[in-house]
Amino acid sequence: MATQIESVESIRLIIFIAVFAVMALWEFLAPRRPLSSSKAPRWGSNLGLVVLNNVMLRLIVPLGMVGVAYVAQASGWGLFNAVEAPYWLEVLFSVILLDLVIYLQHVTFHLVPLLWRFHLVHHADLDIDVTTGLRFHTIEILISLGIKAAAIVLLGVPPVAVVTFEVLLNSTAMFNHSNIQLPLGIDAVLRWLVVTPDMHRVHHSWHKRETNSNYGFNLPWWDRLFRTYRDQPQDGHLGMTIGLKQIRDEQRAERLHWMLALPFVSKSTNATERKED
Ligand SMILES: [Zn+2]
């Protein structure tokens, strides 16, 4: 099992590097909006956080979520290990249901003040590009890990579905945060199938009602189903301000040590206060 997981991890890493490189090159050649702050320190901090999070994940769960799925399978735990269904259907439903779990988790991170403290590190980025899609506080990653593990065990998600979902989520997060120019006609069709950069950018607006919309990372259907969908930002994609109104200082928003400290020093924890705008 360990060898299989090692090779899966290598494939995941190759896909991650490839998608990152394509998005980074695309946003360099055809950017959607000019960036407001200098790229080097932002990228250094955002990518520094990615490395830190991954080292931590390796230490805590060396076999990752795929390992959890193998254990659930071997023990016969969860819904899909209890019912007889075609394998492809189990994989398909697992990927869709895991995406719903991630949508609900994202909404919860906005609603619960204690969780918002950690999630605001993602929203404090003063620009939005491919690296924003990877910028999550270590504690948020840990909480998310627990939620995903619980969902995998309860549903009895097959290991193949876990790998598929993790690769998809990782790739779409980099795609929908990227600062790429995508023809509007293509965006209009594509956003029925997958969350596009123009759709997700609304979620990074400094207007709170826009921040509290378009929670999807992968499938765009949950936002439409649960009425959290917002078509376009009120100030337009070029005129909108990215980030949070209370954190406009580059030193705080874009230095790794500040990002890690932000949840513990931020005053913005009140979900009710955040509804005003
Ligand atoms: Zn969010």
Side-chain angles (χ1 to χ4, degrees), residues 42 45-46 49-50 53 98-148 169-179 191 194-235 237 240-248 252-254 259-260 262-263 266-277:
R42 263 191 71 241
S45 300
N46 288 357
L49 191 53
V50 175
N53 288 344
L98 283 176
D99 197 53
L100 174 61
V101 169
I102 294 297
Y103 167 86
L104 295 173
Q105 175 192 297
H106 192 182
V107 174
T108 311
F109 266 93
H110 277 243
L111 282 178
V112 178
L114 181 66
L115 296 178
W116 170 251
R117 274 181 179 263
F118 297 101
H119 186 57
L120 67 73
V121 172
H122 177 65
H123 282 271
D125 205 344
L126 298 173
D127 278 315
I128 174 167
D129 66 14
V130 60
T131 63
T132 314
L134 305 165
R135 171 187 161 127
F136 293 95
H137 194 278
T138 314
I139 306 282
E140 176 169 357
I141 294 284
L142 273 178
I143 296 170
S144 176
L145 186 82
I147 293 171
K148 268 191 279 185
L169 187 69
N170 202 231
S171 304
T172 52
M174 286 190 276
F175 168 70
N176 66 42
H177 285 87
S178 65
N179 184 34
R191 66 166 65 194
V194 68
V195 175
T196 64
D198 273 14
M199 180 177 161
H200 192 70
R201 197 174 298 107
V202 178
H203 185 73
H204 284 263
S205 157
W206 75 348
H207 294 304
K208 283 156 197 164
R209 61 174 165 270
E210 293 185 344
T211 314
N212 293 330
S213 66
N214 295 7
Y215 293 97
F217 269 117
N218 201 350
L219 296 170
W221 313 326
W222 314 121
D223 281 301
R224 294 182 188 262
L225 189 67
F226 296 110
R227 300 186 180 279
T228 51
Y229 176 72
R230 196 173 287 273
D231 196 43
Q232 302 294 335
Q234 68 179 60
D235 300 330
H237 288 284
M240 71 188 289
T241 307
I242 301 295
L244 300 165
K245 284 186 179 166
Q246 69 274 24
I247 303 170
R248 305 310 305 168
R252 290 187 71 199
E254 299 180 350
M259 281 156 60
L260 289 169
L262 213 49
S266 174
K267 290 194 191 89
S268 171
T269 56
N270 190 319
T272 327
E273 170 206 325
R274 296 192 64 254
K275 280 178 191 144
E276 297 163 12
D277 196 21

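Just follow the structure's listing: the first ligand is 1, and inside any ligand the first atom is 1.
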(request) Could you tell me whether the Zn ion (ligand 1) has an N, O or S atom of H203 under 2.8 Å away? (result)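 Here the distance criterion (N, O or S atom, under 2.8 Å) is met by H203, so yes.
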(request) Taking both backbone and side-chain atoms into account, decide whether H204 has an N/O/S atom under 2.8 Å from the Zn ion (ligand 1). (result)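 H204 does not place any N, O or S atom closer than 2.8 Å to the Zn ion (ligand 1).
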For the student: nearest non-hydrogen atoms of [X] and [Y], plus distance:
X: I242; Y: D127; result: CG2-C, 3.7 Å
X: H237; Y: R201; result: ND1-NH1, 3.0 Å
X: H123; Y: L244; result: O-CG, 3.7 Å

(request) From the options H119, Q105, H106, select the one residue that forms a side chain to side chain contact (heavy atoms under 4.5 Å, CB included) with S144. (result)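 Going through the options one by one, the only one that passes is Q105.
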(message) To check your reading of the site, what angle at the Zn ion (ligand 1) do NE2 of H106 and NE2 of H110 form, to 10°?
(response) 100°
(message) Rounded to the nearest 10°, what angle sits at the Zn ion (ligand 1) between NE2 of H119 and NE2 of H123?
(response) 90°
